[in-house]
Amino acid sequence: MPPVPQGKNAFHRPKNMKRTFARLFSYLRAYRFQLVLVLVGIVLSAGANIAGTYMLKPIINDYIVPWIGSADPDFSGLIGQLAILFAIYTTGIIGAYLYNRLMIGISTGTLLQLRNELFTHMQKLSIRYFDTRTHGEIMSTYTNDIDAMREMISQGVPQFISTTISIVGTFVMMVVLSPVLTLVSIAMLVLMLFITKAFAKRSGRYFKARQASLSKVNGYIEEMIEGQKVVKVFCHEDAVNSTFDGLNETLTKNTVLASTLANIMGPIMNNLGHVTYALTAAAGGLLAVAGRIDLGSIASFLQYTRKFSMPIGQLSQQMNNVMGALAGAERIFDMIDEPAEEDDGDVTMVNARRNAEGALEECTERTGVWAWKVPSETAESGYELVEVRGDVRFHDVTFSYDGEKTVLKNVSLYAHPGQKIAFVGSTGAGKTTITNLINRFYDVQEGEITYDGIPVNRIKKAALRGSLAMVLQDTHLFTGTVRENIRYGRLDAMDEEVEAAAKLANAHFFISHLPQGYDTVLTADGANLSQGQRQLLAIARAAVADPPVLILDEATSSVDTRTEAHIERGMDELMKGRTVFVIAHRLSTVRNSDAIMVLEHGEIIERGDHDDLIAQKGKYYQLYTGMFELS
């Protein structure tokens, strides 16, 4: 959070305030009528406050002063004036309630639309976007920035308008009542603003240092919470406490310095307000003695003096809050404006079956046979159907994530339908990159990838990814039942299919022993399961999808050898007739692969089956026999 006493976002200024505010206002256009009523409410509230103060003048001059020394005062006129004063302030209360109540609905509705738009657009962003930003940075947009906008729309802007009206109205009334006393008030106000600026400048540095220290403390606490097992295993409690004491001491020091200046400013400004009040009263008394002003005007003016100096400080604070919220709005709009993942493909995937002549034809029911629907100018129907077989080929593919460091260099490979292709190599060799390119999480810069003879950039991404199922090393489970998590692979899967997939992945046994079996609710990414069990569910999720192509990225890395053997037997049945890409550090899992690719620095340096590579006595042989370890 930005470190300033005036507001949590004060040090972040929008890059283009005018454009951001105009865009934000476009979301408010749907509430035009309500906004008019809000403005009316603000004017009524601020106007009532100003008018009510002015009423002191006629009440004192016309009723209080004439009663001085009167033996039989008539209160009827005063009661009428008090009734008018009551009506004025009641109108102000109604106005304040009106605009505050309406702004709650307006801000809530606006943020509802923004969150929906933000989340919907997020689903369209490329994997590159998420790979180049931290989760905390993205979450901050949904939390801190949205919350800052809520405060600005519901409170900041209305209060800013109300305060501005109050200042202008009060100043006008002060000039009307006494130009001379107005000059006295303005002189003191200039002094107050000068002092405020000096304190704000110094305290701002300390608040910035405090926020930096606070971030370090919070980050350290979070890191230690996540690493408690490691801390205890290595008996580092004392060392951890010592480090935390140092961070906490720095935070305390910076907090004291920041808070001291911030807390001193309030009493100083308050006392200067008293001085202003006293000087104005004294000057007013002298003018009254000279016959230049009446008592009622002095009483009203003194009240206006209070109302004039206090909103100036509030206006500065509200302005900072509005600026900070607009900066948050810019970040929200930046995410909304982030280019969506491009998809210029024209080939889709459809369910298919073979007719009496043996030719493919499109159908609506699920048959277990899929076909690429390829636009064709020569076919009478305007398209031709190509069976999805899982023939994947790389043709001289070169790729870089950032345009500088080349990750894959002239990679060429093929996977015939039904083959199991394994990739092995050191960390960073490019194994996972190959699978990222197959499903078009990223597009190649040079070369071409074909799928059943069709360039993958011609295939719609939804169709391409629908033909693939992935089991990642980092398993993610959603909040919901075990059944729902498996069904995530295919939402229309029947309960029997879900259980069959679980049995295939060897997950059925442990699921049946959960408290509610398949209806057991998983939370916190499946924290109530072991890592191996979580990975078994991920494999079951891929199994229920029943895809033509499987990608297994360290799919059995978190299970024991015995469980791995059961999974391998189950997966063998699943892999029949399907192309499978396997990434593995545990070389025992790739022995039965049809082809093994050994990658090093983005290049395929060896290829062949297990026996061929062992016979070559090259890098694979070194890895397999333990002469060289994967890292």
Side-chain angles (χ1 to χ4, degrees), residues 135 225-233 420 422 427 431-432 435 439 468-547 549-576 578 580-592 630:
H135 293 172
I225 290 174
E226 292 178 354
Q228 270 300 296
K229 288 183 179 179
V230 178
V231 171
K232 293 185 183 302
V233 164
K420 180 180 178 181
T427 299
K431 306 183 296 297
T432 299
T435 61
N439 55 35
L468 306 167
M470 295 187 69
V471 180
L472 304 176
Q473 182 177 5
D474 297 325
T475 302
H476 182 78
L477 299 177
F478 298 93
T479 298
T481 65
V482 171
R483 194 186 307 277
E484 290 168 344
N485 269 278
I486 297 176
R487 189 177 279 128
Y488 204 84
R490 180 160 60 88
L491 297 180
D492 61 351
M494 305 295 289
D495 288 350
E496 296 77 11
E497 294 174 300
V498 169
E499 294 182 16
K503 291 175 181 176
L504 196 63
N506 200 42
H508 177 75
F509 178 77
F510 90 81
I511 293 174
S512 61
H513 285 76
L514 292 176
Q516 285 81 40
Y518 283 85
D519 295 318
T520 301
V521 176
L522 304 178
T523 58
D525 200 14
N528 47 338
L529 301 179
S530 70
Q531 181 61 31
Q533 290 171 332
R534 295 170 70 247
Q535 202 135 26
L536 291 174
L537 291 184
I539 295 170
R541 180 189 292 167
V544 80
D546 194 23
V549 175
L550 284 171
I551 298 175
L552 310 176
D553 188 351
E554 293 288 345
T556 59
S557 63
S558 299
V559 297
D560 57 76
T561 307
R562 180 174 176 275
T563 302
E564 181 182 37
H566 286 298
I567 294 175
E568 288 290 338
R569 286 194 290 271
M571 293 293 280
D572 286 342
E573 185 66 28
L574 175 64
M575 286 187 259
K576 284 183 179 177
R578 292 175 173 80
V580 182
F581 294 96
V582 180
I583 298 174
H585 278 103
R586 196 183 295 174
L587 298 184
S588 59
T589 63
V590 300
R591 287 190 56 176
N592 62 344
L630 287 171

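In what follows, every heavy atom counts, from backbone to side chain, and hydrogens, waters and symmetry copies are set aside.
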*Asks:* What heavy-atom pair brings A540 and A505 nearest, and what distance separates the two atoms?
*Replies:*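 Closest heavy-atom pair between A540 and A505: N-CB, 3.6 Å.
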*Asks:* If you take all heavy atoms of V471 and A538, which pair is closest and at what distance?
*Replies:* CG2-O, 3.8 Å
*Asks:* Would one find more than 12 heavy atoms of other residues, nucleotides or ligands at under 6.0 Å from atom OH of Y488?
*Replies:*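 No, the 6.0 Å shell around OH holds no more than 12 heavy atoms from other groups.
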*Asks:* Under 30°, 30 to 60°, or over 60°: which ring-plane class applies to Y518 and H508, parallel, tilted or perpendicular?
*Replies:*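 Tilted.
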*Asks:* Could you check if a side-chain atom of H476 sits within less than 4.5 angstrom of a side-chain atom of R534, using non-hydrogen atoms only?
*Replies:* no
*Asks:* Hey, is the main chain of G489 close enough, under 3.5 Å, to the side chain of R541 for a donor-acceptor pair?
*Replies:*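 No: the side chain of R541 does not pair with the backbone of G489.
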*Asks:* If the test is side-chain contact (heavy atoms from CB on, under 4.5 Å), which one of V544, D495, T481, V482 qualifies with R487?
*Replies:*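 Going through the options one by one, the only one that passes is D495.
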*Asks:* Closest heavy-atom contact between G480 and N485?
*Replies:*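 In this case the closest contact between G480 and N485 is O-ND2, 3.8 Å.
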*Asks:* Run the side-chain contact (heavy atoms from CB on, under 4.5 Å) check on I539 and N506 step by step: do they pass?
*Replies:* CA-CA 9 Å; I539 295 170; N506 200 42; over 6 Å; no
*Asks:* For E497 and D492, which heavy atoms make the closest approach, and how far apart are they?
*Replies:*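 Reported closest heavy-atom pair: OE1-O, 4.3 Å.
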*Asks:* Rounded to the nearest 0.5 Å, how far does CG of L552 lie from CG of L550?
*Replies:*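 The distance works out to 5.5 Å.
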*Asks:* Do you know the tightest heavy-atom contact between P515 and T520?
*Replies:*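 Minimum heavy-atom contact is N-OG1, 3.9 Å.
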*Asks:* How long is the span from the CG atom in L514 to the CG atom in L529, to the nearest 0.5 Å?
*Replies:*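 Result: 6.0 Å between the selected atoms.
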*Asks:* Going by the angle between their ring planes, with limits at 30° and 60°, are F509 and H513 parallel, tilted or perpendicular?
*Replies:*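 Plane angle between 30° and 60°, so tilted.
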*Asks:* Determine whether L537 and I511 make a side-chain contact, defined as any pair of heavy atoms from C-beta on separated by less than 4.5 Å.
*Replies:*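 Yes - at least one pair of side-chain heavy atoms lies under 4.5 Å apart.
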*Asks:* Within the 4.5 Å heavy-atom criterion, are Q533 and L477 side-chain neighbours or not?
*Replies:*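 Counting from C-beta outward, Q533 and L477 never come under 4.5 Å.
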*Asks:* Roughly how far, to the nearest 0.5 Å, is the CE atom of M470 from the OG1 atom of T435?
*Replies:*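 Answer rounded to 0.5 Å: 4.5 Å.
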*Asks:* Could you give the distance from CD (E484) to CG (L491), rounded to the nearest 0.5 Å?
*Replies:* 10.5 Å
*Asks:* What I'd like to find out is whether the side chain of L468 reaches to under 4.5 Å of the side chain of P547, using heavy atoms alone.
*Replies:* no
